[in-house]
Amino acid sequence: MPLVELRRLSKTYQAGGGIFGQAAHEVHAVNGVSLDIHAGETLGLVGESGCGKSTLGRMILRLIEPTSGSVNFDGQDVLAASAGELRRLRRHMQIIFQDPYASLNPRMRIEDIVTEPLVIHEERRPSRPAMHEGAVAMMQAVGLDEAALRRYPHEFSGGQRQRIGIARALMLRPRLIVCDEPVSALDVSVGAQIVNLLKQLQQEFGLTYLFISHSMPVVRYLSDRIAVMSRGEIVELGDCEQIIANPAHEYTRTLLAATPEPEFMT
Ligand code: ADP
Ligand code: MG
């Protein structure tokens, strides 16, 4: 059984009809997407800006409520889950965002940021020393100093902040991480370090990734399979190297042509 099963998943937004007098219309951000994510794999989700990638990724965690369709996680119906069930489910599903500057609370020390998920989610919250020990171990896992725990987000670079975001996501030992353009805001060389860290952590923690990016080379570097998304729909899905060698869809060819290989991946 796949870890995640999406069936005919859709999200429609009402747009326009506002004070500027545009006609009201519907935006089909995600339109009838069905796909599986298998335990232990990296599924790359690639497509140009605005095609619906973030909406799709967030609907899996139910951070965005789908308009229709179904989401199954490890056999459980996510959309039917009660508030309590959803909270327990979210222990197993975490998300890393594109912008490490916006996703960390500037007023919180790093230790409080990375241990916050334990405080929110643990039915039996660990003792303070146990949480501290967990935070220290996690800093090491993501390549940061223990001393970082006493500092604040503004004291860190973009790449270091993304490491902190990853540490926070990992604290509950989730099974699935939705990585929503985690390196798109970073310099290429810093992004390469983060991509390699994600690869390493996948082994170490037995993670499953949905890795979202607009960049085909980045997706290719990490993914076992890729799903190519255009205008809210998956237009091609399959083995990464096979699709790149023999793209069936015109849009995939355009994506492949549009993005040169960053140096670190060649
Ligand atoms: P991507 O992550 O691929 O760039 P998104 O999922 O963010 O794409 O957006 C998909 C489409 O849905 C876009 O056309 C976007 O403008 C629209 N959209 C996203 N969020 C909203 C919203 N809250 N209200 C209205 N339209 C939205
Ligand atoms: Mg997005």
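Whatever order the structure lists them in is the order used to number ligands and atoms, beginning at 1. Source: prediction; values computed, not measured.
- For atom 19 (C) of ligand 1, the nearest protein heavy atom (residue, atom name, distance) is Tyr13 CE1, 3.5 Å.
- Between Leu43 atom CG and Asp36 atom CG the span is 9.5 Å, to the nearest 0.5 Å.
- Asp180 and Arg58 get closest at one heavy-atom pair: OD2-NH2, 3.3 Å.
- Ligand 1 has no nitrogen or oxygen under 3.5 angstrom from a nitrogen or oxygen of Ala29.
- Using a cut-off of 2.8 Å, one finds that Ser54 contributes an N/O/S atom close to the Mg ion (ligand 2).
- Across the listed options Asp180, Val30, Thr55, Ile64, Thr55 owns the non-hydrogen atom lying nearest to atom 5 (P) of ligand 1.
- Nearest approach of Ala141 to Leu201, heavy atoms of both residues: O-CD2, 3.6 Å.
- Using a 4.0 Å heavy-atom cutoff, Cys51 is listed among the residues neighbouring ligand 1.
- At under 3.5 Å, not a single nitrogen or oxygen of Gln14, backbone or side chain, sits near a nitrogen or oxygen of ligand 1.
- The protein heavy atom nearest to atom 7 (O) of ligand 1 is Ser54 CB, 3.9 Å.
- When all heavy atoms of Glu26 and Gln14 are compared, the closest pair comes out as OE2-NE2, 3.4 Å.
- The CG atom of Leu3 sits 10.0 Å away from the NE2 atom of His92 when rounded to the nearest 0.5 Å.
- Annotation: atom 15 (C) of ligand 1 to nearest protein heavy atom, Gly50 O, 4.9 Å.
- Side-chain contact annotation: Tyr221 with Asn196, donor-acceptor N/O pair under 3.5 Å present.
- Between Tyr251 and His249, the ring planes lie perpendicular to each other; the angle is over 60°, past the 30° to 60° tilted range.
- At a 4.0 Å cut-off, at least one heavy atom of Gly52 sits close enough to ligand 1 to count as contact.
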